[in-house]
Q: 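Starting off with a structure, shown below.
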2 protein chains.
Amino acid sequence: MGDMAQSPLMSQAPIRILLVDDHSVVRMGLAAILGLDEGLSVVGEAEDGTQALEKFKAEKPDIVLMDVRMPGVSGIEALRALRTACPAARVVMLTTSELDEDIQQAIAAGACGYLPKSVKREELSKAIRHVHGGGHYVPEAMARRLEQLARRRHLSAREIEVLDGMRRGLSNRDIATALSISEHTVKAHVKAILQKLESADRAEAVARGFEHGLLKVERP
Amino acid sequence: MGDMAQSPLMSQAPIRILLVDDHSVVRMGLAAILGLDEGLSVVGEAEDGTQALEKFKAEKPDIVLMDVRMPGVSGIEALRALRTACPAARVVMLTTSELDEDIQQAIAAGACGYLPKSVKREELSKAIRHVHGGGHYVPEAMARRLEQLARRRHLSAREIEVLDGMRRGLSNRDIATALSISEHTVKAHVKAILQKLESADRAEAVARGFEHGLLKVERP
DNA sequence: GCCGAGATCGCCCGTTCGGGCGATTGCGCA
DNA sequence: TGCGCAATCGCCCGAACGGGCGATCTCGGC
């Protein structure tokens, strides 16, 4: 493996990579893995967001591989700062957990890729080349999770009915009666609504309902 | 008294009146009082909203004197039905209590006058003539109360601050901390808000806040 | 000068809410 | 043929909510 250096495609100048992680062990591991691919070259390492910015300016790497979680300036913040300073920077975020919720923030902040540290060597190389080629890379499992998170904001028809009951000042029991279901089911819906709308209580959920256009002003 | 029949003004055809009240005693009393005024003439009586509509169509009275509270179809509902069927109908509502809250609904539903049953004979006649002449009549005391009720919708600056806390999903205690006051005071404000916005709970209050323009969409 | 209204604080109490653990059914999509 | 998800139902429980009874103080209008 890793002996594709002679192929016409790989004979180009290697992709220059900057590693950012507070754990030197991880940096070592990544460097070792990436070193096996002759089309890739680690040109610098940084321990935190601040260093990352400095190293980036000094080395002008093609790709930044950065941990999402770091002490001090978080990976997400560092990503934002980096993208603000150098919008052309192509950053691939790394995460420890398989199902990291930060994925949304990372994408929103301009990450070009998002990988779990458990990623296999082949996929890592593939991801880096893909991102270097101008694309975005998110593993299958994470993409699915992204969809879930996206769908998660959209209330179901039933949930909107319940939300509408809330905005009228109905209690869970009242809503249950109105919809001819049990109070417990209403509570289940309410719970789902609070989660999806990231609200602490029904009052905030109603506010979010208006903000998201789920509820319309009836009597202006 | 009642011998003004010869005066030029009173020589016109008398004002034809329909009485609507579920208590025959009240109808009798009104008929007796109105009978003292030769410019007025009771041309029919009804015991409920349904009868009222029938009698109105049959007699085409100039003025309807109707109780706000009646079993079955309430006076307010009957008023609405009447105004819908005959927009030209001029209706004066009667109430038992001096400070009836229904006054707002009655006015909103198109009543031309609103009187307590304790009204004096002179004022009753005056009111009927005024309404018959195309005007609206509400006694001094009730007019003042109307103002109060109107002002009552406007939340104070402090109350809007509390409402804003609600829409953010803050608990009473949280709001108290944010505003540096006691939780109890917040509860007092919340209570006032619920009353003013006619809401059963904070969720509905928030909805009303948006509907009344007190709250603005922050994140569309 | 008094009255009303707003803002502040106090206690009690029943109901509701929201969270935490469950669970089964049916539908669509892979 | 599963897997995921929406919708339905179950119980327990602590905290929050809302109502009802208070109260004082200040400010502005009549």
Side-chain angles (χ1 to χ4, degrees), chain A residues 98-99 140-208, chain B residues 99 140-141 143-208:
Chain A
E98 292 278 331
L99 302 171
E140 194 62 29
M142 288 199 160
R144 249 182 288 121
R145 175 140 187 92
L146 251 190
E147 280 177 38
Q148 288 172 18
L149 290 174
R151 181 168 23 197
R152 193 160 284 212
R153 329 233 133 163
H154 290 309
L155 301 195
S156 70
R158 200 53 156 172
E159 284 162 351
I160 289 187
E161 287 185 280
V162 173
L163 182 61
D164 202 66
M166 291 190 212
R167 87 90 149 272
R168 297 206 156 67
L170 302 183
S171 68
N172 289 335
R173 186 180 302 164
D174 293 337
I175 298 173
T177 304
L179 298 182
S180 300
I181 55 180
S182 86
E183 181 180 354
H184 189 88
T185 302
V186 174
K187 291 180 74 172
H189 287 312
V190 169
K191 194 183 301 188
I193 292 169
L194 296 186
Q195 280 179 358
K196 291 186 182 182
L197 297 184
E198 296 175 291
S199 300
D201 58 30
R202 44 180 66 208
E204 188 179 5
V206 167
R208 293 294 176 94
Chain B
L99 303 171
E140 194 64 30
R144 248 182 288 120
R145 174 139 187 92
L146 252 190
E147 279 176 40
Q148 288 174 17
L149 290 173
R151 180 171 24 197
R152 193 161 284 212
R153 327 226 133 148
H154 289 310
L155 302 194
S156 70
R158 200 53 156 172
E159 284 162 349
I160 289 186
E161 287 185 280
V162 173
L163 182 62
D164 201 68
M166 290 189 210
R167 88 92 148 267
R168 293 179 204 295
L170 301 183
S171 68
N172 289 336
R173 185 180 303 165
D174 293 337
I175 297 172
T177 304
L179 299 182
S180 300
I181 55 181
S182 85
E183 181 180 354
H184 188 87
T185 302
V186 174
K187 290 181 73 172
H189 287 311
V190 169
K191 194 182 301 187
I193 292 169
L194 295 186
Q195 280 179 358
K196 291 187 182 182
L197 296 185
E198 296 174 288
S199 300
D201 57 30
R202 45 179 65 209
E204 188 179 4
V206 167
R208 294 295 175 92

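Hydrogens, waters and symmetry mates play no part in the numbers below; they use all other heavy atoms, side chains included. Predicted model only: the values in this text are computed from it and were never measured.
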Q: Under 4.0 Å from OP1 or OP2 of dT16(C): is there any side-chain N or O of Asn172(A) that close?
A: no

Q: More 5' along DNA chain C: Ser180(B) or Leu194(A), using each one's nearest nucleotide?
A: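 Final value for this comparison: Ser180(B).
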
Q: With the side chain of Asp201(A) defined as its heavy atoms from C-beta on, choose the nearest nucleotide among dC9(C), dT16(C), dG18(C).
A: dG18(C)

Q: Rounding to a whole Å, what distance do you find between Glu204(B):CD and dT16(C):P?
A: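 Spelled out: CD on Glu204(B) to P on dT16(C) is 16 Å.
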
Q: Rounded to the nearest angstrom, tell me the gap between atom CZ in Arg173(A) and atom C1' in dC17(C).
A: 12 Å

Q: Working to the nearest 0.5 angstrom, can you tell me the gap between Arg202(B) CZ and Arg202(A) CZ?
A: 11.5 Å

Q: Using whole Å, report how far CD of Glu183(A) lies from P of dC12(D).
A: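 It is 14 Å, rounded to the nearest whole Å.
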
Q: To the closest 0.5 Å, what do you measure between CD (Glu204(A)) and CG (Leu194(A))?
A: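 Here the rounded value is 9.0 Å.
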
Q: So what does Ser171(B) hit on the nucleic acid, given a heavy-atom distance under 4.0 Å: a base, only sugar-phosphate, or nothing?
A: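 Ser171(B): backbone/sugar contact only, no base atoms under 4.0 Å.
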
Q: Can you check the His154(B) NE2 to dG6(C) P distance for me, whole Å?
A: 12 Å

Q: Counting only side-chain heavy atoms from C-beta out, which of dC21(C), dA16(D), dC9(C) sits nearest to Lys191(A)?
A: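 Among the listed nucleotides, the one closest to the side chain of Lys191(A) is dC21(C).
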
Q: Can you check the His189(B) NE2 to dG6(C) P distance for me, whole Å?
A: 11 Å

Q: Could you say whether Val186(B) or Ala203(A) is positioned toward the 5' end of DNA chain C, judged by the nucleotide with the nearest heavy atom to each?
A: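 It is Val186(B) whose nearest nucleotide is closer to the 5' end.
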
Q: Among the candidates dT8(D), dA16(D), dG20(D), find the nucleotide nearest to the side-chain atoms of Ile181(A).
A: dT8(D)

Q: Between dC17(D) atom P and Met166(B) atom CE, what is the distance in whole Å?
A: 9 Å

Q: How many angstroms lie between NE2 in His184(B) and NE2 in His189(B), if you round to the nearest 0.5 Å?
A: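 Spacing of NE2 (His184(B)) from NE2 (His189(B)) equals 10.5 Å.
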
Q: Between Ile175(B) and Met166(B), is any pair of side-chain heavy atoms under 4.5 Å apart?
A: yes

Q: Compute the angle between the rotation axes at the two ends of the helix from dG1(C)-dC30(D) to dA30(C)-dT1(D), each taken over five pairs, rounded to 10 degrees.
A: 60°

Q: Given the rule in the side chain to side chain contact (heavy atoms under 4.5 Å, CB included) test, do Ile181(B) and Arg158(B) qualify, once you have shown the distances and angles that lead to the verdict?
A: CA-CA 11 Å; Ile181(B) 55 181; Arg158(B) 200 53 156 172; 3.5 Å; yes

Q: Please state how far atom CD1 in Ile193(A) lies from atom P in dA6(D), giving the value in whole angstrom units.
A: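 Going from Ile193(A) (CD1) to dA6(D) (P), I get 12 Å.
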
Q: Establish, with yes or no, whether the OP1 or OP2 oxygen of dC9(C) is under 4.0 angstrom from a side-chain nitrogen or oxygen of Ser182(B).
A: yes

Q: Does Ser156(A) have a side-chain nitrogen or oxygen under 4.0 Å from the phosphate oxygens OP1 or OP2 of dC5(D)?
A: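 For Ser156(A), the contact criterion (side-chain N or O under 4.0 Å from OP1 or OP2 of dC5(D)) is not met.
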
Q: Is any side-chain nitrogen or oxygen of Arg158(B) closer than 4.0 Å to OP1 or OP2 of dG6(C)?
A: no

Q: Are any of His184(A)'s side-chain N or O atoms less than 4.0 Å away from OP1 or OP2 of dG22(C)?
A: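 For dG22(C), OP1/OP2 do not have a side-chain N/O of His184(A) under 4.0 Å.
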
Q: How close or far is atom P of dT15(C) from atom CG of Asp174(A), stated in whole angstroms?
A: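 It works out to 15 Å between those atoms.
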
Q: So which of Val186(B), Thr177(B), Val162(B) actually passes side-chain contact (heavy atoms from CB on, under 4.5 Å) with Asn172(B)?
A: Val186(B)

Q: Below 3.5 Å, does any donor atom in the side chain of Lys187(A) face an acceptor in the base of dG10(D), or the other way round?
A: no

Q: For the backbone of Glu161(B) and the side chain of Asp164(B), can you confirm whether one donor and one acceptor N or O come within less than 3.5 Å of each other?
A: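 Side chain of Asp164(B) to backbone of Glu161(B), a donor-acceptor pair under 3.5 Å: no, none is there.
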
Q: Does a side-chain N-to-carboxylate-O contact under 4.0 Å join Lys187(B) and Glu183(B)?
A: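 No, no charged N to carboxylate O under 4.0 Å.
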
